[in-house]
Each structure stands twice: as structure tokens, then as C-alpha cells.
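Below is one structure, written out as C-alpha cells; comments come after it.
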Amino acid sequence: MASQFRPFELGFGKAGVFGAEASPRVLWAGVIDYKNGLAELQEKVTDAMETLGFAKESRPYRPHITIARKYAGNQGFQLASMPPLLQQTAASEQGDDMATWIADEFVLFSTHLHEKPMYEILESFRMEYS
């Protein structure tokens, strides 16, 4: 499948949380998919997995990067108080390329719930530059 794709550019988007903002389960940064390369890859992978009997996720695909988990501060968390790095990444949504990178591989992980390490790399797939 990797041979069907070329490396593509991604960027950091706005920060957000999963769970209650005052005590979020996850702090994340959105991913900007400039030319839909990530969306196309995700669609091909989920289509291929569906033919193997795996159900497709029913929620919309919203790529993000997990920054932190399980807020345990003494005071309520405030997204607006995050350091400038996360606040300024929204500038990349207006075309500023200060926070971009090239995705040139994708990785198949196995998840081992309640174990450390939780994720195990099974295979890495390099996309070819044309």
C-alpha cells in the first residue's frame, strides 16, 4: 500500500482537549492536512481493513497529535493559558509554514492495554518520493 502514496506535508493546527476543559483526559494539537494526503491514506487503510472484517470507525476522522494525558493539576486547566507554541500554531492554518513537516512513512502499531510500553511497532512503511 505504501507504494500508492507519495510523501505529503502536514502542519500543526489549533490545540484542543478531549473531556472537560477544567480536567481534560487529553490535550492535543490538530493536524493540518494541506493536500489531503493523510485523509487519503486513512481512507485506503480503513477500506483495506474493512475487507478483512474490521468495522470502520463511525466518528469523523479528525487527525491530531496527543500532547499530554490525564490532567492532574491542583487548579482547573485552562486551554487559553497554554504556552505560545500551541497558541501560535493556528497561524499555520493561514498558510504560515513555520510548523510543518513531511510525512514520508506510516507505522502499524499493536496496542497492549494496561501495559507499558502500551504501543508496539509491528511494521513501518516508507512512501516513495517521485
Side-chain angles (χ1 to χ4, degrees):
M1 180 174 294
S3 64
Q4 298 176 31
F5 292 92
R6 300 291 169 255
F8 48 87
E9 183 179 21
L10 299 172
F12 283 106
K14 294 179 182 176
V17 297
F18 294 138
E21 185 173 333
S23 60
R25 292 185 322 273
V26 174
L27 171 65
W28 52 265
V31 172
I32 301 168
D33 187 6
Y34 292 103
K35 302 203 181 210
N36 293 320
L38 185 58
E40 290 173 12
L41 176 62
Q42 183 268 347
E43 185 176 341
K44 286 276 191 187
V45 169
T46 57
D47 286 350
M49 297 311 296
E50 190 174 38
T51 65
L52 297 174
F54 292 90
K56 277 190 172 184
E57 176 66 56
S58 61
R59 297 174 293 183
Y61 181 60
R62 293 198 174 98
H64 65 277
I65 297 171
T66 298
I67 298 169
R69 293 182 180 272
K70 298 180 184 175
Y71 178 74
N74 294 327
Q75 298 178 346
F77 177 79
Q78 294 180 350
L79 186 59
S81 68
M82 288 302 302
L85 173 64
L86 291 178
Q87 292 297 319
Q88 292 172 0
T89 56
S92 62
E93 290 182 338
Q94 280 79 45
D96 183 350
D97 62 357
M98 68 178 218
T100 65
W101 68 95
I102 301 296
D104 62 2
E105 72 177 329
F106 57 99
V107 178
L108 175 64
F109 286 92
S110 178
T111 303
H112 305 286
L113 297 176
H114 313 295
E115 293 183 23
K116 292 190 180 182
M118 184 170 160
Y119 302 107
E120 174 188 4
I121 295 174
L122 299 178
E123 189 75 39
S124 180
F125 304 92
R126 277 233 174 255
M127 292 178 273
E128 298 294 323
Y129 288 89
S130 48

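Residue numbers run from 1 in the order of the sequence given. Basis for what follows: all heavy atoms, side chains included, without hydrogens, waters or symmetry-related copies.
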query: Hey, is CD on E43 packed in by over 12 heavy atoms from elsewhere, all under 6.0 Å?
result: no
Separation of D47 CG from Q42 CD (nearest 0.5 Å): 8.5 Å
Taking distance alone, no hydrogens or angles, what donor-acceptor pairs closer than 3.5 Å link side-chain atoms of residues 61-78 to residues at least two apart or in another chain?
from	atom 1	to	atom 2	distance (Å)
H64	ND1	R62	O	3.2
Y71	OH	Q75	O	2.6

- prompt: What are the two closest non-hydrogen atoms of L79 and G16, and how far apart are they?
  reply: CD2-CA, 4.0 Å
task: Measure across P24 and V17 and return the closest heavy-atom pair with its distance rounded to 0.1 Å.
output: CB-CB, 3.6 Å
- request: Group every Ile, Leu, Val, Met, Phe, Trp and Tyr by side-chain heavy-atom contacts under 4.5 Å, then state whether V45 and L122 land in the same group.
  value: yes
- request: Compare every heavy atom of G11 with every heavy atom of Y34, then report the nearest pair and how far apart it is.
  value: CE1-N, 3.6 Å
- prompt: Can you tell me how far CD of E120 sits from CG of L108, rounded to the nearest 0.5 angstrom?
  reply: 9.5 Å
- prompt: Do L113 and I121 sit in the same hydrophobic cluster, where Ile, Leu, Val, Met, Phe, Trp and Tyr count as joined when their side-chain heavy atoms come under 4.5 Å apart?
  reply: yes
- request: Mind listing the closest non-hydrogen atom pair of R6 and E128 along with its distance?
  value: CD-O, 2.9 Å
task: State yes or no: do L38 and V107 share one hydrophobic cluster built from I, L, V, M, F, W and Y residues joined by side-chain heavy-atom distances below 4.5 Å, directly or via other members?
output: no
query: I102 and P7: which non-hydrogen atoms are nearest, and at how many Å?
result: CG2-CB, 3.7 Å
message: Classify the ring geometry of F125 against F106: parallel below 30°, tilted from 30° to 60°, perpendicular beyond 60°.
response: parallel
- request: Flag yes if more than 12 heavy atoms outside K44 fall under 6.0 Å of its NZ atom; otherwise flag no.
  value: no
task: Verify the neighbour count for atom OH of Y129: are there more than 12 heavy atoms of other residues, nucleotides or ligands below 6.0 Å?
output: yes
task: Any chance you could lay out the side chain to side chain contact (heavy atoms under 4.5 Å, CB included) test for F5 and M127, step after step, and finish with the verdict?
output: CA-CA 6 Å; F5 292 92; M127 292 178 273; 3.6 Å; yes
- request: Under the salt bridge (charged side-chain N to carboxylate O under 4.0 Å, His left out) rule, collect the residues that match up with R59, sequence neighbours excluded.
  value: E57
message: Is there a side-chain contact between S124 and R126 in this structure, where contact means two heavy atoms from C-beta onward sitting under 4.5 Å apart?
response: no
- request: For L10 and I32, run side chain to side chain contact (heavy atoms under 4.5 Å, CB included): C-alpha distance rounded to whole Å, both residues' side-chain angles, the deciding distance at 0.1 Å, then the answer.
  value: CA-CA 6 Å; L10 299 172; I32 301 168; over 6 Å; no
message: Measuring from atom OG1 of T46 to atom CG of L41, what distance do you get when rounded to the nearest 0.5 angstrom?
response: 9.5 Å
